[in-house]
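What's counted below: heavy atoms across the whole structure, side chains too, no hydrogens, waters or symmetry copies. Only a predicted model underlies this, so the values are computations on that prediction, with no experimental measurement involved.
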Amino acid sequence: MPIANDFTFVHIPANPSKPVTKKTASKSGGLQNDALIAYAKHYFQAQSGNAARLNALEEFGPDERVGLAAKLRAQAGNSPQVMQMSDDDMINLLRTSYESTSCEITALTVPTKDNEYRAVSMYGADNARNDKLPFNKRATELLVATGHAPPSGGKDEDGNDLPSGVCGDVFVGRCHDDEVGDVWERVDFTIEDADCRSDWCRQARKPGGGGGRGAGGDGGAAAPSLSNLMAQQLAAAQGGHSGATAAGGLPLLQQGAAGVRGEADAGTYKWSQTDEEVELKFAVAKGTKSKYIKVNFGRQKVKVTVAGTTLVNGKTGGDIVVDESTYTLQDDPDGNGRELCVTLSKADASNWPCPIEVE
């Protein structure tokens with residue numbers, strides 16, 4: 001039996017012959033060190049094979065490390081910057097790529113007054129569909145039961161049709177998230193809750209219920225990102241006028257403003273560059289806090305997430321120096337919200353044609 005400081009969540013395998021199982025974890029990490037996300041990332045890292053690759057990397061001897069570093073330099077085009085890096089630096093870059101596993105978070109419900117500020121989220125493997133992970137019928141039914149249309153299948157890189165719906169194994173958990181009361185706590189999500197006919201699913205589809213039809217629409221849209229779903233909820237509560245924060249309190253993403261002198265407009269952000277760095281600026285809501293922000297830097301990749309919503313995730317326009325790249329959060333000098341500024345330190349002075357090649 002879980003103790004008072006524990007909570008339960010569920011694992012829904014894609015394989016229909018395997019049962020839905022209950023998992024138990026500690027609440028002690030809070031939002032900053034959420035045990036469910038940590039568990040999911042560890043699971044998907046092992047599933048992807050990166051955990052085994054990382055273990056194998058640690059077993060390499062001196063000669064193998066030299067050979068691996070040379071291979072990595074060749075893959076990077078033997079650029080002057082790469083050639084200046086030590087073997088250890090090259091292998092550390094590879095190690096970081098193996099360690100930086102993330103998961104895709106889908107908001108089944110957001111916290112509202114009507115659902116007592118209970119949010120339910122689904123955690124799956126990043127790029128599950130592109131990696132051709134199997135269709136997950138039970139997870140898709142749960143998604144639909146909360147008022148969302150399943151994600152479109154699309155086509156893979158070979159032009160083959162991909163299945164519509166959730167792919168791969170998923171985890172589902174619940175939290176109590178009341179920003180006004182400054183409360184964030186994991187609460188139980190049970191095997192019974194994973195039944196698409198359960199009461200909370202029916203509640204989610206009602207106006208104000210927090211699900212895909214909670215904003216009073218006709219439903220039928222694919223599950224939105226966490227921040228966009230919260231925007232729908234707030235619009236319903238305010239008669240169609242969206243504000244800066246939703247009833248449950250997580251910040252809402254605001255669309256980027258038009259570009260200004262010296263900057264280019266990429267739709268949801270503005271960017272500029274010098275010989276030394278590239279700067280991305282995102283307009284976020286007034287209630288945004290640093291604890292909602294996660295930025296993962298790679299040598300040729302960056303991922304920016306706010307409140308579980310991925311703002312950008314893709315290959316950078318050039319190589320970056322990971323240890324010298326950073327981000328800041330400040331009040332927006334040109335508006336009523338806040339501004340997230342991500343600074344990418346260039347590995348060389350080349351001109352980037354674009355900041356991010358979106359995946």
* Asked: So, are Arg65 and Asp88 salt-bridged, with charged N and O less than 4.0 Å apart?
  -> yes

* For the residue pair Ala40 and Tyr123, what are the closest heavy atoms and their distance? -> CB-CB, 4.3 Å

* To do: Check whether any side-chain N or O of Thr310 sits under 3.5 Å from a backbone N or O of Val312 as a donor-acceptor pair, and report yes or no.
  => no

* Do the side chains of Thr8 and Lys23 get nearer than 4.5 Å, heavy atoms only? -> no

* Asked: Does the side chain of Asp348 come under 3.5 Å of the side chain of Ser350 through a donor N or O and an acceptor N or O?
  -> yes

* To do: Taking the six-membered ring for Trp and the full ring for Phe, Tyr or His, determine whether the centres of Trp200 and Phe189 are under 6.0 Å apart.
  => yes

* Please name the pair of heavy atoms, one in Gly209 and one in Thr112, separated by the smallest distance, quoted to 0.1 Å. => C-OG1, 4.2 Å

* Before giving the answer on side-chain hydrogen bond (donor to acceptor under 3.5 Å, both in side chains), spell out for Gln203 and Asn115 the whole-Å C-alpha distance, their side-chain angles and the decisive distance to 0.1 Å. => CA-CA 8 Å; Gln203 173 66 26; Asn115 67 19; over 6 Å; no

* Asked: Where do Asp195 and Ser198 land on the side-chain hydrogen bond (donor to acceptor under 3.5 Å, both in side chains) test, with the steps shown first?
  -> CA-CA 6 Å; Asp195 187 334; Ser198 58; 5.9 Å; no

* Pair Tyr43 and Phe171, ring centroids less than 6.0 Å apart -> yes

* To do: Could you walk me through whether Arg338 and Asp331 pass salt bridge (Lys or Arg N to Asp or Glu O under 4.0 Å), step by step?
  => CA-CA 4 Å; Arg338 306 202 78 189; Asp331 290 338; 3.1 Å; yes

* Asked: Hey, do the aromatic rings of Tyr269 and Phe282 have their centres closer than 6.0 Å?
  -> yes

* Passes side-chain hydrogen bond (donor to acceptor under 3.5 Å, both in side chains), Asn15 versus Ser17? Steps please. -> CA-CA 5 Å; Asn15 186 338; Ser17 68; 2.7 Å; yes

* Do Asp188 and Lys22 meet the salt-bridge criterion of a basic N to acidic O distance under 4.0 Å? -> no

* **Same cluster (ILVMFWY, side-chain, under 4.5 Å), Val187 and Val172** => no

